[in-house]
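In what follows, chains carry the letters A, B, and so on, assigned in the order in which the sequence lines appear, proteins first and then strands, with residues in each chain numbered from 1. Bear in mind that the values here come from a model prediction, so they are computed numbers and not experimental data.
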Amino acid sequence: MQIWINGKQNDFESEKMKIADLVGILNLTGKRIAIERNGEIIPRSLYAETLLKNGDKLEIVGAVGGG
Amino acid sequence: MMNDDLIVAGKRYNSRLLVGTGKYKDFTETRAAIEASGAQIITVAIRRTNIGQKAGEPSLLDFLPPREFTYLPNTAGCYTADDAIRTLRLARELLDGHSLVKLEVLGDPHTLYPNVIETISAAKTLVKEGFDVMVYTSDDPIVAKQLEDIGCCAIMPLASLIGSGMGILNPWNLQIIIDTVKVPVLVDAGVGTASDAAIAMELGCAGILMNTAIAGAKNPILMASAMKKAVEAGREAFLAGRMPKKLYSASPSSPTSGMIERID
């Protein structure tokens, strides 16, 4: 399946992938991040049960220095 | 001095200096400068996470733990109400339901001047969604009042352009805003050096938010300390109430009687 992550297209073999699985693959487990899928926030508490769909567009963000 | 806390959205802060966390050499310098400034509220930006980073890579939050500071996530770089709203929803999720935010919607990449139409639109939605909105705006007193009426918890007009260090260019407009708005008015943007901060505080600003004036100084840590003192000095001078200006009537500070006799 194809997932857009932060503007880049990514292909995954698995067709049944949850957000928590993706977070693990991206080495982001335990990092302070927030995820928006197709314009909707996915709360951290739902990562383990939320299935990704082909064509999902994700924004994965963190806090950086800024004024 | 008497208790003179800054109160924003019902929470008390004893520092009236708010600082940004951008443009520093590294996280160690960021941390040292913020400690020297005494700031309790620190702004952060929300950006796409670097995908493919190493597991142990340090982050800003490791150096400035949210339990030690009040984070103020901003919408820097947003040019539409929609982008600003999405960014702050992400920030709220990122910071475990934290509701205090800085809204800024820019209108032009060259001057970074705020787009007040989009800002007002975003503020309405964010206040409805339960955010405590500290809002960056122009120094237009009518817009400032409208943003207060919408329910913003602090109005933050620019003193001059973001990152310009040009100082307090229109103290008269700032004064009108301070006189018309009941929520705290903080100068956000334009302060270049300590005297600028003192001038803004002497006008009656409730606080100042700055980043480049500290991070862009040759010695950011020393400048952070200078800004802390300037904000405190300006605040005390404001509370003390300055003497009236008397352009043509000089008044000696020493007694005029009891002078020794002149020898002819």
Using a cut-off of under 4.5 Å on heavy-atom pairs, state which of E104(B), R92(B), R47(B), K23(B) scores highest against chain A.
R47(B)
Mark yes when over 12 heavy atoms from residues, nucleotides or ligands other than M1(A) sit less than 6.0 Å from its CE; otherwise mark no.
yes
Contact origin within L90(B) toward chain A - heavy atom pairs under 4.5 Å
both
Measure the CG-CG distance between N50(B) and L28(A) for me, rounded to the nearest 0.5 Å.
9.0 Å
Which atoms of I41(A) are under 4.5 Å from chain B, going by heavy atoms: the side chain, the backbone, both sets, or neither?
side chain
R86(B) versus E59(A): any side-chain heavy-atom pair under 4.5 Å?
yes
Under the 3.5 angstrom rule, does the side chain of E93(B) hit a backbone N or O of R44(A) as a donor-acceptor pair?
yes
Might you point out which heavy atoms bring L61(B) and A63(A) nearest each other, and give the distance in Å?
CD1-CB, 3.5 Å
Could you check whether any side-chain heavy atom of K31(A) comes within less than 4.5 Å of a side-chain heavy atom of S59(B), counting everything from C-beta outward?
no
Give the minimum heavy-atom separation between G66(A) and N74(B), together with the two atoms involved.
C-ND2, 4.0 Å
R32(A) bridged to D96(B) by N-O distance under 4.0 Å
yes
For the residue pair G65(A) and A45(B), what are the closest heavy atoms and their distance?
O-CB, 4.1 Å
With heavy-atom distances below 4.5 Å as the criterion, would you say the side chains of V44(B) and V64(A) are in contact?
no
Where is the tightest heavy-atom contact between N6(A) and R48(B), given as atom of each residue plus distance?
O-NH1, 3.1 Å
For Q2(A), I'd like to know if atom CD has over 12 heavy atoms of other residues, nucleotides or ligands within 6.0 Å.
yes
Hey, what do you get for CG (L58(A)) to OG1 (T49(B)), rounding to the nearest 0.5 Å?
11.5 Å
Against chain B, label I25(A) side chain, backbone, both or neither, depending on which of its atoms sit under 4.5 Å from a heavy atom there.
neither
Which residues in residues 215-223 of chain B have any heavy atom closer than 4.5 Å to a heavy atom of chain A?
none
Residue from T21(B), T87(B), L95(B), N211(B) scoring the most non-hydrogen pairs under 4.5 Å with chain A is T21(B)
